[in-house]
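Presented below is the structure to which this report refers.
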Amino acid sequence: MGDPEMTLACLPIGHRAQVVKVGAEGLTRNRLLDLGLVPSTVVEAVRKSPAGDPVAYKIRGAIIALRSEESRLVTVRPLA
Amino acid sequence: MGPVRDLIVAAIYDQARQIADQVVRRRGAEHDIDWKIDGIVTSKVFGYPLMLGLLGFIFWLTISGANYPSQLLSNLLFGFQDRLTAVCQWLNVPAWLHGVLVLGLYRGLAWVVSVMLPPMAIFFPLFTFLEDLGYLPRVAFNLDRLFKRAGAHGKQVLTMCMGFGCNAAGVTACRIIESPRERLIAVLTNNFVPCNGRFPLLITMSMVMLGAWAGHANSISAALCVAGAVVLGVLVTLFVSWFLSQTLLKGVPSTFTLELPAYRWPKIGTLLIRSVLDRTLFVLFRAVVVAAPAGALIWILANVHIGESSIIGHLGGRLQGFGHLLGLDGYIILAFLLGLPANELVIPILIMSYLSEGVMLELDSLEALRSLLVANGWTWLTALNMILFSLLHFPCGTTLLTIRKETQSTKWTLLAALLPTGVAIVVCFLVAQVVRLFGLV
């Protein structure tokens, strides 16, 4: 568990990570929590849009696309 | 507060997962297939061409498939008009009343229904199919970057798709965009996507323009021309969205989350009922309340004479100078104004004005239409600007009413009418001046 923490936006495609903290506030925070992005949730970066942003993540079995503005606010710890 | 809430949400999700693990059986293969399909439809290489190809294919299918049923329906409905006339004669109904009711109201109604219904009946099921299949969210995923730059939401592309069917339906669909600002942008710009009511005009004008310009026109080159108009509409949408987000609706983009649901094969039965029956009834209702009274009014304007010519003749003459500035003429401007209740009526009104006839008409062949237009001073510039004006001008009456209902604001409704009209006037003016400056017509 000694891996460095990073933002979800930096997670490379195909890699998985565990949510540490959701830093967003207000409406954005509500929406991210609604999606199941709570601490200890495992998230996988699935694919990028052809334009590079947004990125689709696998969150609890659902595929959800987030813009970098949102994924930057989520702190994760990469899993091997 | 924050940590407690996180704990509560985490506990809820944990419990949900435990229940799901007990009762849901998963087959691994399904997600693999989804993953592979997404690998193609959202790839850098195939993503955009596939989208454009599908769009073109749906247009082509709608255009070529609607021809025959449209003809059938119009024969049927206009045939019934003769019966109505016979009944009126038998009852000794005065000529003016027969004119208003049968030649105006009923004819307007028959027109809108026969032009509008068949393409809708093809288009909506096709789009509902893509929607139910799960493809449309991928389109939003592919295009979000573009919309983000314009200060808009990726889901706007879905409301625009709906707008191809009907702008009023597109405006209602804007409810799926959560943020008020992006929603308003989507509402105000939906009209730049040409609806089914405007497609016949775009197609006819494309044929006229290509015929006059390149000497020949077929359904494929006309489809390409219409697709070009659509692409232009999308570019204008992005530009106006950007403009609105920088000025009237300035602020940061809202939060963006978009689910990419698993692909499912749609249930065809439900799909057909939902898309055909619901929309069919919607269109019929719309035609009755909006187009029929418009038909009656137009008949009155065309048949009440002041001095030498009808009211339409007078109004057309008044608008001549303004029309000419835009590369159009007075009758075209008038036809667009009178066509406010329903865009389908623009060409019939125009033909009626040119022929100085008392009833809305359609010509038997494209050739007949082309010679009539040329006899009235048309060039390919007129046809081109007709396409541009139709693409960019004010939304129809139904759409404006829907915008009023959705925004609850007269101010935004007014803007929704004036903004596109301004864009249409500026674009047509510039095109006309440039073409004339270089002596291209």
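Everything numeric in this text was worked out from a predicted model, so none of it was measured. Order of the sequence lines sets the chain letters (A, B, ...), proteins ahead of strands, with each chain counted from 1.
- Contacts of A:I59 with chain B are absent, with no heavy-atom separation under 4.5 Å from either backbone or side chain.
- Rounding to the nearest 0.5 Å gives a distance of 10.5 Å between CG of B:L419 and CG of B:L392.
- When atom types are taken as modelled, the side chain of A:D53 and the backbone of B:R145 share no donor-acceptor pair closer than 3.5 angstrom.
- The ring of B:W265 has its center closer than 6.0 angstrom to the ring center of B:F129.
- Annotation: side chain of B:I177 is in contact with side chain of B:T159 (closest heavy-atom distance under 4.5 Å).
- Side chain of A:R47 to backbone of B:W35: a donor-acceptor contact under 3.5 angstrom is found.
- Note on A:L32, A:T41, A:D34: by heavy-atom pairs under 4.5 Å with chain B, the leading option is A:D34.
- With a threshold of 4.5 angstrom between heavy atoms, A:V22 does not approach chain B through any atom at all.
- If you measure heavy-atom distances from A:K21 to chain B, you find no contacts under 4.5 Å at all.
- Proximity to chain A (any heavy atom under 4.5 Å) is shown, for B:T42, by both the backbone and the side chain.
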